[in-house]
Amino acid sequence: MTKNVLVTISGMQYDIEDEAIELVTDGTYYLKNGKHYILFEEQPESNSPVIKNIVKFNENGFEIVKKGGSNSCLLFDKERKTSTVYHTPAGPVQVDVVTRNFSVAETEQELMVKINYTLDINYNFISECEVNFKVQAR
């Protein structure tokens with residue numbers, strides 16, 4: 001895999017709008033001690049601050065850390081329920097994730113991660129979700 005990559009994140013929250021979301025952006029890829037690292041930036045709205053993302057994963061779990069306009073860390077772990085606090089403009093919210101299915105597929109030119117999970121916010125079930133994370137060599 002090359003250092004310069006194209007990152008595609010697509011996802012769906014069922015029971016909410018059943019509408020897919022997608023982000024496509026440039027990123028930087030590293031492999032260190034058997035763990036994949038991808039760094040990329042996003043700007044949700046034209047006037048909002050840039051958010052810097054660090055994604056770390058291997059066959060056991062997936063973590064995304066966001067720093068900038070919103071700071072957060074979301075962990076998908078095959079073995080356990082994970083919890084974090086999201087700091088939003090409206091105040092902090094408790095986010096709980098139960099990973100239902102997690103798979104990683106790897107070739108020389110591409111990495112694919114598929115995650116199915118349930119999402120609870122402030123101890124209330126929100127939805128079943130799916131995220132597809134794809135990294136392609138440039």
Original post:
Is the shortest heavy-atom distance from the side chain of Glu128 to the side chain of Asn116 under 4.5 Å?
Top reply: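 Contact flag for Glu128/Asn116 side chains = no.
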Subject >> Contact check, side chains of Thr8 and Glu22, non-hydrogen atoms, under 4.5 Å >> reply: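 Yes. Closest side-chain heavy atoms under 4.5 Å.
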Joint cluster assignment, [X] & [Y], ILVMFWY side-chain distance < 4.5 Å:
{"X": "Met1", "Y": "Leu6", "answer": "no"}
{"X": "Leu39", "Y": "Val50", "answer": "no"}
{"X": "Phe57", "Y": "Leu23", "answer": "yes"}
{"X": "Leu74", "Y": "Leu119", "answer": "yes"}
{"X": "Ile115", "Y": "Ile126", "answer": "yes"}

Original post:
Is a donor on one side and an acceptor on the other found under 3.5 Å between the side chain of Thr2 and the backbone of Asn4?
Top reply: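 Side chain of Thr2 to backbone of Asn4, a donor-acceptor pair under 3.5 Å: yes, one is there.
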Subject >> Ser127 side-chain N/O to Gln13 backbone N/O, donor-acceptor pair under 3.5 Å >> reply: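 Not at all, since once roles are kept as given, no pair shorter than 3.5 Å links the two residues.
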Original post:
Tell me, which pairs form a salt bridge (Lys or Arg N to Asp or Glu O under 4.0 Å) where one or both residues lie in residues 76-95, sequence neighbours left out?
Top reply: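 Matches after skipping sequence neighbours: Asp77-Arg80.
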Show every donor-acceptor pair shorter than 3.5 Å between a side-chain atom in residues 29-38 and any protein atom, with sequence neighbours excluded, or say none if there are none.
{"unit_1": "Tyr29", "atom_1": "OH", "unit_2": "His36", "atom_2": "ND1", "d": "2.7"}

Subject >> Residues that Ser83 engages under side chain to side chain donor-acceptor pair (under 3.5 Å), provided they are two or more places apart >> reply: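 Partners of Ser83 by the side chain to side chain donor-acceptor pair (under 3.5 Å) criterion, ordered by chain and then number, come out as Asp96.
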**OP:** Take Ile9 and Phe40 through the test side chain to side chain contact (heavy atoms under 4.5 Å, CB included) and record every step on the way to the result.
**Re:** CA-CA 11 Å; Ile9 303 170; Phe40 63 94; 3.5 Å; yes
**OP:** Grab the two heavy atoms, one from Thr84 and one from Cys73, that are nearest each other, plus how far apart they are.
**Re:**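 Between these two residues, the closest heavy atoms are OG1-O, 3.0 Å.
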Could you list the donor-acceptor pairs under 3.5 angstrom formed by side chains in residues 104-111, with sequence neighbours left out?
{"unit_1": "Thr107", "atom_1": "OG1", "unit_2": "Gln109", "atom_2": "N", "d": "3.4"}
{"unit_1": "Thr107", "atom_1": "OG1", "unit_2": "Glu110", "atom_2": "N", "d": "3.1"}
{"unit_1": "Thr107", "atom_1": "OG1", "unit_2": "Glu110", "atom_2": "O", "d": "3.4"}

Subject >> Glu41/Thr25 under side chain to side chain contact (heavy atoms under 4.5 Å, CB included): CA gap, chis, key distance, verdict >> reply: CA-CA 8 Å; Glu41 294 181 350; Thr25 188; 5.9 Å; no
Drop me the distance from [X]'s [atom1] to [Y]'s [atom2], to the nearest 0.5 angstrom.
{"X": "Ile54", "Y": "Ile64", "atom1": "CD1", "atom2": "CD1", "value": "10.0 Å"}
{"X": "Ser103", "Y": "Glu59", "atom1": "OG", "atom2": "CD", "value": "12.5 Å"}
{"X": "Cys129", "Y": "Arg100", "atom1": "SG", "atom2": "CZ", "value": "11.0 Å"}

**OP:** Could you walk me through whether Leu75 and Val97 pass side chain to side chain contact (heavy atoms under 4.5 Å, CB included), step by step?
**Re:** CA-CA 8 Å; Leu75 178 63; Val97 171; over 6 Å; no
**OP:** Could you pull out all residues at least two apart from Val93 that satisfy side-chain contact (heavy atoms from CB on, under 4.5 Å)?
**Re:**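 Result, side-chain contact (heavy atoms from CB on, under 4.5 Å) vs Val93: Tyr86, Thr88, Val95, Ile121, Asn122.
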Tell me which donor-acceptor pairs under 3.5 Å the side chains of residues 131-138 have, and how far apart each pair is, sequence neighbours excluded?
{"unit_1": "Asn132", "atom_1": "ND2", "unit_2": "Glu130", "atom_2": "OE2", "d": "3.1"}
{"unit_1": "Arg138", "atom_1": "NE", "unit_2": "Asp26", "atom_2": "OD1", "d": "3.2"}
{"unit_1": "Arg138", "atom_1": "NH2", "unit_2": "Asp26", "atom_2": "OD1", "d": "2.2"}

**OP:** Could you tell me whether Phe102 and Phe76 have their ring centroids closer than 6.0 angstrom?
**Re:**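 No; Phe76 has its ring centre 6.0 Å or more from that of Phe102.
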